[in-house]
Amino acid sequence: QVQLVESGGGLVQPGGSLRLSCAASGRTFSVYTMGWFRQAPGKEREFVAAVPWSGDNTYYADSVKGRFTISRDNTKKMVYLQMMNLKPEETAVYFCAASGNARPVFTSQYHVWGQGTQVTVSS
C-alpha cells in the first residue's frame, strides 16, 4: 500500500503565503504523478497542481498559475506546494494524491489520497 500524509496548513491573512508538504511512504513504485487538490465546504474537489516523479513538467489550474509552485524531492519521496498571495476564496482542505497516469488532472485519475490539511485565508 501507498500512504500519503499532508502537513503545513493553517491560518494565513489574505496576500500571505504557506508551504504544504506531502510525504509518501510504502509501495510507491506504481505511482507516476503526484498532485494537489482542494475542496471547500459544499463544493466539488478542485485540481490545483501536479508533477511527475520524472521529467521537468508541471501542471497548474489556471486560477493558481503564477502564484503556486509544485515541487518534489525524489530521494525523500516528498512533494511540496508553495502558495503565494493567497485569497480568501482559496480557503479549503488541501489534499495530496497519487496517480498512475502521466498527466492526470481529474479526481478519477488518482487512486491514493492523503487525509488533507486545512488552509484558512482570513483577516
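One-based numbering along the sequence shown. All heavy atoms count here, side chains included; hydrogens, waters and symmetry mates do not.
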Least distance between heavy atoms, S17 atom then M84 atom: CB-SD, 3.6 Å
Can you confirm whether Q1 is buried at CD, in the sense that more than 12 heavy atoms of other residues, nucleotides or ligands lie under 6.0 Å from that atom? no
Flag yes if more than 12 heavy atoms outside Q13 fall under 6.0 Å of its CD atom; otherwise flag no. no
Grouping ILVMFWY residues whenever side-chain heavy atoms fall under 4.5 Å, the cluster of V48 otherwise contains V2, L4, V12, L18, L20, V31, M34, W36, V51, W53, Y60, V64, F68, I70, V79, L81, M83, L86, Y94, V112, V119, V121
Residues which pass side-chain hydrogen bond (donor to acceptor under 3.5 Å, both in side chains) with R67, listed by chain and number, not counting sequence neighbours: E90
Where at least one partner belongs to residues 4-30, residue pairs that pass salt bridge (Lys or Arg N to Asp or Glu O under 4.0 Å), sequence neighbours excluded: none
We want to know whether S25 and K77 form a side-chain donor-acceptor pair, criterion being a heavy-atom distance below 3.5 angstrom. no
Can you run down the side-chain hydrogen bond (donor to acceptor under 3.5 Å, both in side chains) pairs that involve residues 99-111, sequence neighbours left out, and say none if there aren't any? S99-N101
Quick note, salt bridge (Lys or Arg N to Asp or Glu O under 4.0 Å) partners involving residues 40-57, not counting sequence neighbours, are R38-E46
Between P88 and P14, the two heavy atoms sitting closest are CG-CG, 4.0 Å
Working note: Y80 + M78, criterion side-chain contact (heavy atoms from CB on, under 4.5 Å); need CA distance, chi angles, decisive distance, verdict. CA-CA 7 Å; Y80 308 96; M78 296 286 292; 3.3 Å; yes
Does V5 share a hydrophobic cluster with W113, counting links as ILVMFWY side-chain heavy atoms below 4.5 Å and allowing steps through other members? no
Please check if the distance between the ring centroids of F95 and F37 is under 6.0 Å. no
Nearest 0.5 Å, please: how far is SG in C22 from CZ in R72? 14.0 Å
Indicate the atoms forming the closest heavy-atom contact of G15 with N85, along with that distance. CA-OD1, 3.5 Å
For S30, which residues count as a side-chain contact (heavy atoms from CB on, under 4.5 Å) partner, sequence neighbours excluded? none
